There are 2 protein chains.
Amino acid sequence: MATLKDVAALAGVSVKTVSNVVNGYAFVKPENRSRVEQALAATGYRPNLGARNLRRGRTGFLALVLPELVVPYFAELANLVLGAAQEHEWNVLIEQTRGTRDGERDTLAALGPHMIDAAIVSPEALEGRDFGELAPGIPVVLLGEHHVDVPFDHVGIDNVAAAREAVAHLVSLGRTRIAAIGAHPHRGTAAQRLTGYRLALAEAGLPVRDELVATALNYHRRDGAEAMARLLASPEPPDAVFCFNDLLAVGAVRAAAERGVRVPDDLAVVGFDNTEEGAYSLPSLTTVAPDKAAIAHAAVDLLRRRVDDTERPPEHVRTPFTLRVRESTGDA
Amino acid sequence: MATLKDVAALAGVSVKTVSNVVNGYAFVKPENRSRVEQALAATGYRPNLGARNLRRGRTGFLALVLPELVVPYFAELANLVLGAAQEHEWNVLIEQTRGTRDGERDTLAALGPHMIDAAIVSPEALEGRDFGELAPGIPVVLLGEHHVDVPFDHVGIDNVAAAREAVAHLVSLGRTRIAAIGAHPHRGTAAQRLTGYRLALAEAGLPVRDELVATALNYHRRDGAEAMARLLASPEPPDAVFCFNDLLAVGAVRAAAERGVRVPDDLAVVGFDNTEEGAYSLPSLTTVAPDKAAIAHAAVDLLRRRVDDTERPPEHVRTPFTLRVRESTGDA
DNA sequence: ATGAAAGCGCTAACAC
DNA sequence: GTGTTAGCGCTTTCAT
């Protein structure tokens, strides 16, 4: 693999001149420029990014730290972050934490100090104080909700309002025994969505019954199916359910079908995330649709500005959402 | 950010000693070791991986080059590769090419020479000769089928046999007008699966009708739905369909349902990939299940051995598959 | 406009 | 066992 020095020798100039050409510096004597370009082509020179980074002090890498890639919401988000980062000439390092605190810690600890310029983190288990020690000095933007007041930029939708709207929709259908699936002891977003759920019930004058709120420690299809099965087995089963993500909703629909419960006739189902899977499922899912592209762009833009100015006070960006009504709540 | 030199100064030893401690070298005087460890803790020292890599000549990074993360098969595979790579202390750089030849080229050209030790590539548009110029010298393992005979390691299932078994299953159900969705002008795997499809029909004494073979330029749900809609609109619609991936199958099922065609009664559907989505859809999908964990492990292992010995002749690993029969072909 | 040379942080060969 | 030092490939003063 040819180095700058090799190219310089071949072109009969100094490394400085080659470096100037490679980096698009304007003032190079035309003759030298063309000789360098020839030498570049002849050697098939490729800059060693590691060496360049070492010298420049930045890496051109952005970490995207997510719980799980197999959750479609995160795959879709990753896709959008990749696009947004490209506009800023950032490469994205996708890291998976499996939703564990250790996974989140280790990832940041390993990459934080020197391999990445900044990080977008969708925390699931990490707490506020954890962040201080990790990745010291590197800009971090947090996705989703978090209980603690950490000094980082943050982007997310108004989960309380979103959940409230979703449940209000169920209420407007005349449903009275509305369940929720996805309560979680530590997840900030789960707490917010539960709050929205309760708010909507209260506004409708409906009682909030604990036995209608199902906890889900993971947000996979299986967890939705299991929770739904339990709810349906109860003496007074629900006539509607609000699931905290589309995967849970898909599982819930499946569990209902297996028990001969018809969706939406016997049970109306609302999901969250607006994944493509939900648009094609049978019945298609009514769901809260966060503007994922807006989230991805906001996160990357925030990071870009943060890199340029470390001292700015933390910013909190609220991205929009809409409720997409589909077959699972009785659309024709 | 503290450097090795800072730590050495604080501990009152040389950088060599600190480096020895950091890298777990055994022969360090206990007293020095403890002093270094203290200094390490006090400064919060983190090695600069870029600098280390520059010196060592390797990076500890593995590239996983895939068409699209939003295709569940690839997300699931990425997840497994991440796990397999961890066992070899490799970090994985997930790169998305969007299935374009330029995307595949650019990715390898940018990262190839210096940022990664090796790459796992699932090519969709790249041709054999492209690889020579790219990532010269870095080990590459190819996933899936490819027409051209390139000098790289390769892992994949026997797509002809898999498709044949899937279609034979449809034949065994008594279906006679068996369609295929997913033909593609350039994709190697598509060609293989089409061959298997034709083979199975021929073996059953069934005619191969061109009008029952639908091309899909992408393998998304939408493409499956569109292809199915066309097939169902024909004068003699199929009574079964073999889709080249689960996403196409999901789309096909949806299109059928929208036209009042019952699955599996009127139309039996088989997918490919055994994604979790297919296991929960209504009806659940019969599908070809490649052993994805085996693929991920084989790919990483191949790379490990290739890094140690560049001269070995290219190896081709065939991983197993099974047919998972579910509701979409009439399971009870 | 270009060359010479220092140095980013680290590892490893070589001394002691 | 540990210190000294060269050098990985690059960018960037500082001269000229």
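In this text, all values refer to a predicted model and were calculated from it rather than measured experimentally. Lettering follows sequence order; numbering is per chain, from 1.
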Pick base, sugar-phosphate or nothing for B/Lys16, based on heavy-atom distances below 4.0 Å to the nucleic acid.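 Contact class for B/Lys16: base.
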Using whole Å, what does the distance between atom [atom2] of nucleotide [N] and atom [atom1] of [X] come to?
X	N	atom1	atom2	value
A/Leu4	D/dG7	CG	P	18 Å
B/Glu31	D/dG1	CD	P	14 Å
A/Asn23	C/dT2	CG	C1'	15 Å
B/Met115	D/dC10	CE	C1'	14 Å
B/Arg52	C/dG9	CZ	C1'	10 Å
B/Asn53	C/dG9	CG	P	15 Å
B/Lys5	D/dT4	NZ	C1'	13 Å
A/Arg46	D/dC10	CZ	P	12 Å

Could you tabulate the donor-acceptor pairs under 3.5 Å formed by side-chain atoms of residues 57-73 of chain A, not counting sequence neighbours?
residue: A/Thr59; atom: OG1; partner: A/Phe61; partner atom: N; Å: 3.0
residue: A/Thr59; atom: OG1; partner: A/Met115; partner atom: O; Å: 2.8
residue: A/Thr59; atom: OG1; partner: A/Asp117; partner atom: OD1; Å: 3.2
residue: A/Glu68; atom: OE1; partner: A/His220; partner atom: NE2; Å: 2.8
residue: A/Glu68; atom: OE2; partner: A/His220; partner atom: NE2; Å: 3.3

Nearest to the B/Tyr45 side chain among D/dG1, C/dC10, D/dT4, which nucleotide is it?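 Minimum distance to the B/Tyr45 side chain belongs to C/dC10.
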Closer to the 5' end of DNA chain D via nearest nucleotide, is it B/Arg56 or B/Pro30?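 Between the two, 5'-proximity favours B/Pro30.
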Residue closer to the 5' end of DNA chain C, A/Val15 versus B/Pro47 (nearest nucleotide):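 Mapping each residue to its closest nucleotide by heavy atoms, the 5'-most match is A/Val15.
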If you take atom types as modelled and just measure distance, does the side chain of A/Arg55 reach the base of C/dG7 with a donor-acceptor pair under 3.5 Å?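 Counting by modelled atom types and ignoring angles, a donor-acceptor contact under 3.5 Å is found here.
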Over-ring placement of A/Arg187 relative to A/Tyr219, 6.0 Å and 45° cut-offs: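 A/Arg187 over A/Tyr219 ring: yes.
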Any side-chain N or O of [X] below 4.0 angstrom from OP1/OP2 of [N]?
X	N	answer
B/Asn32	D/dT2	yes
B/Thr3	C/dC8	no
B/Ser19	C/dA12	no

For A/Leu143, run the side-chain contact (heavy atoms from CB on, under 4.5 Å) check against A/Thr189, A/Val121, A/Leu77 and tell me which one passes.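 For A/Leu143, the side-chain contact (heavy atoms from CB on, under 4.5 Å) test succeeds with only one of A/Thr189, A/Val121, A/Leu77, which is A/Leu77.
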Answer yes if the side chains of B/Asp301 and B/His88 hold a donor-acceptor pair under 3.5 Å, and no otherwise.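 Looking only at side-chain atoms, B/His88 and B/Asp301 do form a donor-acceptor pair, the distance falling under 3.5 Å.
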Is there a side-chain contact between A/Ile295 and A/Pro290, using heavy atoms and a 4.5 Å cut-off?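 Yes, side chains in contact.
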